Amino acid sequence: MARLIIRGGKPLRGKVRVGGRKNSAVAVLPATLLADGPSTVENLPAIEDVRVYAEILTHLGCRVAGVPAPSGNGALVVDPRDFAFAEIPYALTKRLRASYYLLGVMLARCGHAEVPLPGGCDIGLRPIDQHLKGFRALGAEVTIEHGVVRASAPRLTGATVYLDVVSVGATINIMLAATLAEGTTIIENAAKEPHVVDLANYLNAAGARVQGAGTDVIRIRGVERLQGCTHAIIPDEIEAATYMIAGAATRGEVSVENVIPKHLDPVVAKLQEAGAEVEERGDVLSIRMDRRPRAVNVKTLPYPGFPTDVQQPITVLLSLAEGTSIVTESIWESRFKHVDELKRMGTNIRVEGRTAIIEGVDRLTGAPVRATDLRAGAALVIAALAAEGQTEISGIELVDRGYERATEKLIALGADVVRED
Ligand code: EPU
């Protein structure tokens with residue numbers, strides 16, 4: 001088990017370059033299987049989820065070349081010309097949530113898909129009924145037996161699918177399946193997240209006809225084939241938000257570079273409300289905090305609302321605020337597991353169902369803690385950086401799933417961090 005040892009209490013200062021967006025990378029990589037020729041995917045983050053996807057693509061017969069570079073500008077060339085249907089071992093699919101995109105892709109490309117139910121962070125029930133409803137609407141027969149989803153249809157046919165809940169995963173999976181279907185598919189009540197748009201941009205560059213991504217109605221006119229293309233993944237606004245919050249919690253000054261500031265609007269609005277100064281210059285956002293944060297209320301919502309993936313990190317900032325903050329988690333039923341660990345560091349947080357009531361304290365103190373999921377791990381790192389004394393965070397592999405070279409980036413910002421594997 002890897003752990004981070006952090007001696008906190010030092011304000012973070014400096015610049016950090018943000019990598020490509022995890023949740024976009026894990027959608028575009030499987031999408032390369034839809035094409036007849038090689039695709040180059042640029043600006044891939046050097047994270048565990050990307051490495052696992054590269055392994056899955058190799059397992060399926062693709063040639064995958066190139067390694068994510070330490071600069072965060074890594075590129076992979078995926079050549080799917082020898083791609084053929086294969087069962088995917090649970091040992092691979094359980095390592096990340098986004099393995100469910102193989103269902104949409106293999107259904108479109110092979111007429112048949114068999115994928116074990118996916119893994120990913122333990123943040124409550126994670127149903128995929130809306131994905132399956134979409135595949136069925138497109139004419140597939142779908143069953144789940146012994147933990148494996150099987151879907152088949154000789155060729156999918158376009159249909160209108162209304163999503164009962166706004167789901168990023170279902171929107172992307174249906175989009176992937178519909179790209180090569182006969183006729184037009186319309187996804188209503190679609191997710192509007194930037195990575196839905198990023199995937200649509202990749203697909204269109206490869207010859208697909210996807211319109212409306214970024215709105216709640218997406219129209220996909222099926223095409224016969226896609227060719228490979230080159231596509232650069234958008235920056236990861238969750239990584240950017242995490243470093244901005246770390247800057248604010250340590251009362252420092254941090255610039256995140258290579259971001260699309262618009263994607264961070266909901267986070268910046270809350271940070272400003274909490275008293276941070278935020279400045280935007282091109283693709284750089286700088287945050288400065290030289291006072292104790294003010295308490296603010298946060299409710300997570302689908303984009304363009306406040307992202308659930310930043311809920312755990314911002315909880316740490318608010319635990320240091322003057323006054324009482326209320327954080328409501330409306331996307332995931334069980335995304336407060338970090339709170340028990342944070343309590344060991346002196347926070348005063350009460351969780352009632354999907355709400356955390358945070359009474360701000362004026363300091364945190366280091367303690368041994370354990371990351372329970374990816375963003376919980378990120379939250380504990382922020383708490384450790386802000387706390388007095390030493391914190392040891394175990395289970396740091398979970399953080400590797402979504403943050404590239406975190407130790408190195410933190411050290412460059414002046415943090416006292418040591419990693420032990
Ligand atoms: N939902 C259903 N049925 C479905 C699908 C989803 O009821 O078929 C519900 C979920 O239970 C949840 C809500 O709809 O309450 C939203 O789920 P969504 O499908 O949007 O989530 P996801 O696609 O499984 C992605 C990210 C998550 C991120 C959420 C929300 C990936 C691989 N994961 O999950 O990222 O929290 O969208 O933005 O893209 C993370 O990066 O730490 C992470 C957990």
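Quick caveat: nothing in here was measured; it's all calculated off a predicted structure. In each ligand, atom 1 is the first atom listed, and ligand 1 is the first ligand listed.
Heavy atoms from other residues, nucleotides or ligands lying under 6.0 Å from CZ of Arg219 number 12 at most.
Nearest heavy-atom pair, Ile174 versus His131, reported as atom, atom and distance to 0.1 Å: CG1-O, 4.4 Å. Nearest heavy atom pair, residue Val381 against residue Leu4, reads CG2-CD1, 4.0 Å.
Of all atoms in ligand 1, listed by their number and element, those nearer than 4.0 Å to a heavy atom of Leu374 are 42 (O). Below 4.0 Å from some heavy atom of Lys22 lie the following atoms of ligand 1, by number and element: 40 (C), 41 (O). In the vicinity of His131, heavy-atom distances shorter than 4.0 Å reach the ligand 1 atoms 8 (O). Close contacts between ligand 1 and Arg126 involve ligand atoms 24 (O), 34 (O), 44 (C) [criterion: under 4.0 Å to a heavy atom]. If you number the atoms of ligand 1 from 1 as listed, the ones under 4.0 Å from a heavy atom of Gly169 come out as 19 (O), 23 (O). The atoms of ligand 1 that sit less than 4.0 Å from any heavy atom of Ile128 are 4 (C), 8 (O). Of all atoms in ligand 1, listed by their number and element, those nearer than 4.0 Å to a heavy atom of Gln130 are 3 (N), 4 (C), 8 (O).
Side-chain contact between Arg17 and Glu404 is absent, with no heavy-atom pair separated by less than 4.5 Å. You'll find the side chain of Val64 stays beyond 4.5 Å of the side chain of Asp79, heavy atoms only.
Backbone and side-chain nitrogen or oxygen atoms of Val26 are examined, and none is located within less than 3.5 angstrom of a nitrogen or oxygen of ligand 1. Backbone and side-chain nitrogen or oxygen atoms of Asn23 are examined, and one is located within less than 3.5 angstrom of a nitrogen or oxygen of ligand 1. Here's the thing with Val165: none of its N/O atoms is less than 3.5 angstrom from an N/O atom of ligand 1.
By the criterion of a heavy-atom distance under 4.0 Å, neither the backbone nor the side chain of Tyr303 is placed next to ligand 1. Proximity of Asp129 to ligand 1, defined as any heavy-atom pair under 4.0 Å, is shared by backbone and side chain alike. Contacts between Ile238 and ligand 1 below 4.0 angstrom, taking non-hydrogen atoms only, are absent altogether.
Taking each of Leu96, Thr308, Val168, Leu132 in turn, the one with a heavy atom nearest to atom 25 (C) of ligand 1 proves to be Val168. The residue from Ser167, Pro127, Ala376 that puts a heavy atom closest to atom 4 (C) of ligand 1 is Pro127.
Partner of Asn23 under the side-chain contact (heavy atoms from CB on, under 4.5 Å) criterion, chosen from Asp309, Asp236, Val168: Asp309.
Under a 4.0 angstrom heavy-atom cut-off, Arg335 registers as being in contact with ligand 1. Ligand 1 lies less than 4.0 angstrom from a heavy atom belonging to Tyr100.
Rounded to the nearest 0.5 Å, atoms CG (Leu34) and OH (Tyr202) are 7.0 Å apart.
Side-chain N or O atoms of Thr355 include none that pairs as donor or acceptor with a backbone N or O of Thr328 at under 3.5 Å. No donor-acceptor pair closer than 3.5 Å links the side chain of Lys133 to the backbone N or O of Val161.
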Could you tabulate the donor-acceptor pairs under 3.5 Å formed by side-chain atoms of residues 240-247, not counting sequence neighbours?
residue	atom	partner	partner atom	Å
Thr242	OG1	Ile238	O	2.7
Thr242	OG1	Tyr403	OH	2.8

Distance-only donor-acceptor pairs under 3.5 Å for side chains of residues 147-160, two or more places apart:
residue	atom	partner	partner atom	Å
Arg150	NE	Glu114	OE1	3.4
Arg155	NE	Leu180	O	3.2
Arg155	NH1	Glu224	OE2	3.4
Arg155	NH2	Leu180	O	3.1
Arg155	NH2	Ala181	O	3.3

